[in-house]
Amino acid sequence: MPELPEVETIAADLRPHLVGRTILRCELRFPAIVRHPEPEQFVDLVAGLRIESVKRRGKYILIGLDQDRVLVVHLGMTGQLRIVDPTTPVAGHTHAIFDLDTSEGGLPPQGDAPGKAGSRRTPLGKQLRYRDPRRFGRILLGTEADLLLARVMPHLGPEPIDPDFSADALYAALRRRKAPLKAVLLDQKALAGVGNIYADESLYRARLRPDRVAQRISRASAARLRDALRESLELAIRNRGSSVDSYRDAWGERGGQQEVLQVYGRAGEPCFTCGRPLASMRIAGRTTVFCRHCQR
DNA sequence: TTAAATTCCTGTAAGC
DNA sequence: TGCTTACAGGAATTTA
């Protein structure tokens, strides 16, 4: 499932192939995947806009367009964004297809001139396709302010890999909450980008029990957790993310981080530190794996 | 106000 | 072998 490292990988892969191109048209095969504005309006508005940037914020991919608009994509559980040749057969569960102009060509592959129906110029540009079997993902379009105002995008917390994200900031965030430590890590308004995999991995690395009440964490523990979050996430980015489920990068390739995960998905298997079997419990509705001996 | 439970959705795997 | 059932979970929404 795409979390911060997976989304970062996809955004970095897409960036050089999207920036400078213009979205010629959009086909929605499953219109409900667009949550803002109405799907009909969405396809009208997005056509003709030029891509100026590709960024990540939390688990969101922000595709900056001209006229201050942002095309926002959240991959949910099983969302995939890929750049493909238009002749590639459309995979099942493909919900949106964006036709992009070819940056070399000059002339767009499909003109607006009437009376020229069916005349497809070559070379064709590429297509950006959104596929999402479980349909937990979403696509939005608007200015950032509009999207926050419309409450289709939350006010996200700080980025855990931001150099300015301090131990004190994390400590202050934890002090405000009586929920279990892990529940706070998963809360995107407290901290942006952490999901089930990296919450478990970071807590293991920081040697902290996931069910500890966040409020009762010491400043020293918070500092350890801040470092653990940063290390877990940056290692995963270097490994191009975890393909534990259906995650694939912009080229359809698997990441490598699943090979080195310490606890996620390893309930009952031996702890790499002490050798005792890893425990499992449910916190905030999520399966949580940890070591009773190494995490206190 | 905060926290927990519920809901959405389908592919996968376990169980009979 | 083939069917049914449970499970996976991000985040909006609802309930407590």
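Each chain gets a letter, A, B and so on, in the order its sequence line appears, and its residues count up from 1.
- Of the candidate nucleotides C:dA12, C:dA8, C:dG9, C:dA12 has the atom lying nearest to any side-chain atom of A:Pro154.
- Between A:Arg240 and A:Asp249 there is a salt bridge, since at least one side-chain N of the basic residue sits less than 4.0 Å from a carboxylate O of the acidic one.
- The CG atom of A:Leu174 sits 15 Å away from the P atom of B:dT2 (whole-angstrom rounding).
- Residue A:Met1 has its side chain nearest to C:dG10 when only C:dG10, B:dT10, C:dA12 are considered.
- Note on A:Tyr60: only backbone sugar-phosphate atoms sit closer than 4.0 angstrom, heavy atoms only; bases stay farther off.
- C:dA11 atom P lies 15 Å from atom CG of A:Leu147, rounded to whole Å.
- Both A:Ala179 and A:Gly285 sit near DNA chain B, but only A:Ala179 has its closest nucleotide nearer the 5' end.
- Following rounding to the nearest Å, A:Glu3 (CD) and C:dG10 (C1') show an atom-to-atom distance of 9 Å.
- Taking the nucleotide of DNA chain B with the nearest heavy atom to each of A:Asp187 and A:Phe30, the more 5' of the two is matched to A:Asp187.
- Looking only at atom types and distance, the side chain of A:Arg209 has no donor-acceptor partner in the side chain of A:Gln295 under 3.5 Å away.
- With hydrogens and angles left out, the side-chain atoms of A:Tyr204 and A:Thr273 include a donor and acceptor closer than 3.5 Å.
- Between the CD atom of A:Gln215 and the C1' atom of B:dT1 there is a distance of 13 Å, given to the nearest Å.
- Atom CG in A:Leu75 sits about 17 Å away from atom C1' in B:dT10, given to the nearest Å.
- Within the 4.0 Å cut-off from OP1 or OP2 of B:dT1, not a single side-chain nitrogen or oxygen of A:Lys178 is found.
- Proximity of A:Arg286 to the phosphate of C:dC7: no side-chain N or O atom is located under 4.0 Å from OP1 or OP2.
- A:Arg177 has its CZ atom 9 Å from the P atom of B:dA4, to the nearest Å.
- Within the 3.5 Å criterion, the main-chain N or O of A:Arg50 finds no donor-acceptor partner in the side chain of A:Glu52.
- Per the geometry, NZ belonging to A:Lys189 stands 8 Å off C1' belonging to C:dA11, to the nearest Å.
- Salt bridge status for A:Arg205 with A:Glu231: present, with a side-chain N to carboxylate O gap under 4.0 Å.
- Of the side-chain N and O atoms in A:Tyr247, none sit less than 4.0 angstrom from OP1 or OP2 of C:dA8.
- Stacking between A:Phe136 and C:dA11 is absent: the aromatic ring centre is not both under 5.5 angstrom from the base six-membered ring centre and within 30 degrees in plane angle.
- A:Arg35 comes within 4.0 angstrom of no nucleic acid atom, judged by non-hydrogen atoms across all strands.
- Nucleotide B:dC9 holds its P atom 10 Å from the CD1 atom of A:Ile33, rounded to whole Å.
- Checking A:Ile197 against A:Arg151, the closest nucleotide of DNA chain C that is more toward the 5' end is the one next to A:Ile197.
- Looking at heavy-atom distances under 4.0 Å, A:Arg138 makes contact with sugar-phosphate atoms alone, never a base.
- For the pair A:His93 and B:dC9, the criterion of a side-chain N or O lying under 4.0 Å from OP1 or OP2 is not met.
- Between A:His95 and A:Phe30, the ring planes lie tilted relative to each other; the angle falls in the 30° to 60° range.
- For the pair A:Thr287 and C:dG9, the criterion of a side-chain N or O lying under 4.0 Å from OP1 or OP2 is met.
- Residue A:Arg134 places a side-chain atom within donor-acceptor reach of the base of C:dA8, judged by atom type and a 3.5 Å distance cut-off alone.
- Taking only side-chain atoms of A:Pro180, from C-beta outward, the nucleotide of B:dA4, B:dC9, C:dG10 with the closest atom is B:dA4.
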